[in-house]
Asker: 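Once you've had a glance at the structure underneath, I'll fire off some questions.
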Amino acid sequence: MALAFDEFGRPFIILKEQEQKTRLRGLDAQKANISAGRAVARILRTSLGPKGMDKMLQSPDGDVTITNDGATILEQMDVDNQIAKLMVELSRSQDYEIGDGTTGVVVMAGALLEQAEKLLERGIHPIRVAEGYEMASRIAVENLERIANKFDFGVTNLEPLIQTCMTTLSSKIVNRCKHSLAEIAVKAVLAVADLERKDVNLDLIKVEGKVGGKLEDTELIYGIVVDKDMSHPQMPKQIEDAKIAILTCPFEPPKPKTKHKVDIDTVEKFQTLRKQEQQYFDDMVQKCKDVGATLVICQWGFDDEANHLLMHRNLPAVRWVGGVELELIAIATGGRIVPRFQELTTEKLGKAGLVREKSFGTTKDRMLYIEHCANSRAVTIFIRGGNKMMIEETKRSLHDALCVARNLIRNNSIVYGGGSAEISCSVAVEAAADRYPGVEQYAIRAFADALDSIPMALAENSGLQPIETLSAVKSQQIKENNPHYGIDCNDVGTNDMCEQNVFEALIGKQQQILLATQVVKMILKIDDVISPSDF
């Protein structure tokens with residue numbers, strides 16, 4: 001460790017408690033970092049593409065997650081190494097920004113690190129490698145712009161959007177009914193999208209799941225589904241043209257905030273108190289009736305007495321509805337959330353064409369559907385599936401599809417999938433390398449080789465001969481100068497991704513290349529790692 005001597009030859013300490021710290025420096029540090037990054041990428045490599053495998057992760061408290069989504073795998077893996085944590089951050093930022101391509105971005109970064117290691121062994125300085133990568137990533141992003149196609153979609157012509165969402169869903173467990181799920185995702189996004197501003201607020205799309213039924217029963221509801229039932233079993237199960245009072249105040253007599261004690265020493269006093277309480281409830285229920293409400297949705301509980309009164313006064317009610325759901329109901333029905341009974345007015349009621357309670361199977365599970373709302377800007381996707389893990393995975397897959405649809409509304413450029421975009425960029429970067437003199441040229445060529453790793457992984461996961469398939473597709477692209485050729489993972493019989501309808505959003509691909517390059521640059525610039533030792 002670092003020991004220094006003063007002019008009299010006495011040693012003095014620069015690092016405190018240095019015997020408890022380990023230190024890697026120079027090339028050793030870079031190699032250790034690179035191997036950590038590659039280890040993470042190797043885990044995700046097998047789950048890339050339509051034939052990718054799934055991972056099963058068990059959390060410390062015994063919850064099991066089965067998933068194909070790169071970001072989820074890395075979140076749950078509980079990584080300890082600092083560099084591996086950078087890879088987790090990388091897939092998380094791809095997930096936040098784009099929502100799709102979280103596996104590809106880590107595989108890409110792993111391949112770049114692998115190529116960088118070879119260059120470092122030849123004695124090329126890491127900064128030169130990083131600069132070369134930066135130049136190459138710019139060339140690749142420009143090339144993507146060049147080969148991208150714009151497509152037009154309208155409210156009537158949804159097919160292009162659905163095709164792109166199907167590409168995302170084809171690598172997930174749910175690929176057997178990807179068309180119906182892609183359609184649901186696209187319709188949900190278009191229902192809440194603001195097409196003038198090209199903006200989509202995904203918070204307005206609520207994804208609910210219920211175990212039971214089959215995946216094909218998944219449906220899109222133009223309204224809200226609440227996992228609650230009517231507070232009294234004899235209340236009507238279906239209300240048409242409902243006027244909804246949305247309350248955040250409890251149906252209970254007010255309690256003084258301070259400590260209090262009521263002395264009751266005669267029966268009369270007790271009767272008066274009881275009458276007073278009943279009067280409170282009467283007033284509350286009457287207020288709701290006067291305003292014209294036909295359904296009350298309350299954030300808190302009611303007394304049994306209030307429940308009984310509501311039942312008698314023919315005012316159906318739902319209790320214990322969560323805050324987020326209340327907000328969504330308010331958005332959907334155009335109502336206002338009312339914090340005090342005194343403030344209830346007719347203008348603050350929400351309107352819905354139909355409120356119905358639906359029960360599932362033989363269980364006691366019931367849910368409340370609020371449909372045909374005044375403002376259908378809030379929708380719900382209701383997922384059914386065989387078990388809890390399946391539903392969770394379907395939720396994650398749908399989240400990816402929703403994000404892809406949102407990205408296409410923001411920017412309707414697409415590139416072709418199946419590794420065709422990466423092969424095209426690789427060819428372009430390789431060709432551009434000759435224009436750069438100096439050491440960076442090696443790094444640019446290495447970047448081109450690294451881009452090939454994604455189509456290679458796709459071929460490998462599909463059980464094809466990786467090198468043979470890749471070189472055949474690459475030579476076909478160069479010969480015919482057509483960037484639509486990719487790896488035929490599904491064995492359709494054609495390499496043309498345009499015919500196979502495999503599309504990806506352009507901004508997703510660009511983001512992948514830029515993010516992967518940034519992380520690799522960051523890792524290459526580290527030449528000294530000081531960490532507390534393990535023992």
Side-chain angles (χ1 to χ4, degrees), residues 223-224 226-258 260 262 264 266-357 366-375:
I224 302 292
V226 187
D227 198 358
K228 295 275 178 274
D229 50 1
M230 296 292 183
S231 61
H232 196 291
Q234 286 170 313
M235 285 177 177
K237 303 279 179 252
Q238 188 160 336
I239 307 159
E240 290 181 7
D241 293 328
K243 293 191 170 50
I244 306 173
I246 306 168
L247 305 174
T248 53
C249 43
F251 264 93
E252 290 173 354
K255 298 183 178 70
K257 289 275 192 296
T258 53
H260 61 284
V262 181
I264 297 176
T266 62
V267 178
E268 287 78 24
K269 278 188 182 170
F270 184 72
Q271 295 286 14
T272 355
L273 185 72
R274 201 172 155 281
K275 271 208 185 75
Q276 183 72 36
E277 276 203 0
Q278 214 162 0
Q279 190 56 43
Y280 264 127
F281 286 136
D282 249 4
D283 289 351
M284 285 174 183
V285 178
Q286 201 49 50
K287 262 206 187 83
C288 295
K289 289 292 276 188
D290 290 345
V291 178
T294 53
L295 170 68
V296 176
I297 294 181
C298 186
Q299 192 174 4
W300 304 104
F302 326 139
D303 263 339
D304 288 345
E305 199 165 336
N307 210 355
H308 169 79
L309 257 173
L310 285 165
M311 162 66 207
H312 271 281
R313 294 286 180 80
N314 272 339
L315 187 58
V318 186
R319 56 183 164 187
W320 297 123
V321 178
V324 180
E325 286 163 341
L326 272 186
E327 282 177 26
L328 282 170
I329 292 171
I331 292 171
T333 59
R336 287 289 185 84
I337 297 176
V338 181
R340 277 193 292 274
F341 281 102
Q342 289 81 359
E343 294 179 16
L344 248 180
T345 57
T346 319
E347 295 82 60
K348 291 186 179 172
L349 297 181
K351 292 177 187 59
L354 177 67
V355 176
R356 60 194 170 96
E357 193 177 282
R366 294 196 189 86
M367 287 180 114
L368 204 66
Y369 282 50
I370 301 173
E371 296 175 295
H372 309 305
C373 304
N375 169 17

Asker: So how far is it from E357 CD to Y369 OH, rounded to the nearest 0.5 Å?
Answerer: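 Answer for the CD-OH pair, E357 versus Y369, is 11.5 Å.
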
Asker: Testing the basics here: between C249 and P339, what is the closest heavy-atom pair and its distance to 0.1 Å?
Answerer: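 Scanning both residues completely, I find the closest heavy atoms to be CB-O, 3.3 Å.
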
Asker: Looking at NZ of K269 and CD of Q276, how far apart are the two atoms once the value is rounded to the nearest 0.5 Å?
Answerer: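 With rounding to 0.5 Å, NZ (K269) is 14.5 Å from CD (Q276).
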
Asker: What's the separation between atom CD in E325 and atom CD in Q299, rounded to the nearest 0.5 Å?
Answerer: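 E325 CD to Q299 CD: 10.5 Å, rounded to 0.5 Å.
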
Asker: If you define the side chain from C-beta out and look only at heavy atoms, does anything of T294 sit under 4.5 Å from V355?
Answerer: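 No, their side chains stay 4.5 Å or more apart.
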
Asker: Going by atom type alone, with no hydrogens or angles, which donor-acceptor pairs under 3.5 Å involve a side-chain atom of residues 284-292 and a protein atom two or more places apart or on another chain?
Answerer:
unit_1	atom_1	unit_2	atom_2	d
Q286	OE1	R313	NH1	2.9
Q286	NE2	D290	OD1	3.0
K289	NZ	R313	O	2.9

Asker: In this structure, which one of D227, I297, L247, T248 forms a side-chain contact (heavy atoms from CB on, under 4.5 Å) with V321?
Answerer: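 Among D227, I297, L247, T248, the one that satisfies the side-chain contact (heavy atoms from CB on, under 4.5 Å) with V321 is I297.
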
Asker: Do M311 and M235 touch side chain to side chain, with heavy atoms closer than 4.5 Å?
Answerer: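 Contact flag for M311/M235 side chains = yes.
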
Asker: Do I224 and L368 have side chains that get closer than 4.5 Å, going by heavy atoms?
Answerer: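 No - every pair of side-chain heavy atoms lies 4.5 Å or more apart.
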
Asker: Identify the heavy atoms of A330 and I246 that sit nearest to each other, and give their distance.
Answerer: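 It is CA-CD1, 3.7 Å.
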
Asker: Could you tell me if the side chain of V318 sits less than 4.5 Å from the side chain of M230, heavy atoms only?
Answerer: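 Yes, close enough: below the 4.5 Å cut-off.
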
Asker: Could you report the tightest heavy-atom contact between A352 and I244, atom names first, then the distance?
Answerer: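 Of all heavy-atom pairs spanning A352 and I244, the closest is CB-CD1, 4.0 Å.
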
Asker: What residues, two or more places apart in sequence or in another chain, satisfy ring-ring contact (aromatic ring centres under 6.0 Å, His included) together with H232?
Answerer: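 So H232 forms no ring-ring contact (aromatic ring centres under 6.0 Å, His included) with any residue.
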
Asker: Let me confirm one number: the CG-NZ distance from D241 to K351, rounded to the nearest 0.5 Å.
Answerer: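 The NZ atom of K351 is 10.5 Å from CG of D241, to the nearest 0.5 Å.
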
Asker: Is there any salt bridge (charged side-chain N to carboxylate O under 4.0 Å, His left out) pair reaching into residues 326-336, and which pairs are they, with sequence neighbours excluded?
Answerer: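 Matches after skipping sequence neighbours: none remain.
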
Asker: Taking N307 for the side chain and S231 for the main chain, is one N or O donor matched with an acceptor at less than 3.5 Å?
Answerer: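 Yes; at least one donor-acceptor contact below 3.5 Å.
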
Asker: If I take atom CZ from residue R356 and atom CZ from residue R366, how far apart are they, to the nearest 0.5 angstrom?
Answerer: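 Reported to 0.5 Å precision, the distance equals 14.5 Å.
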
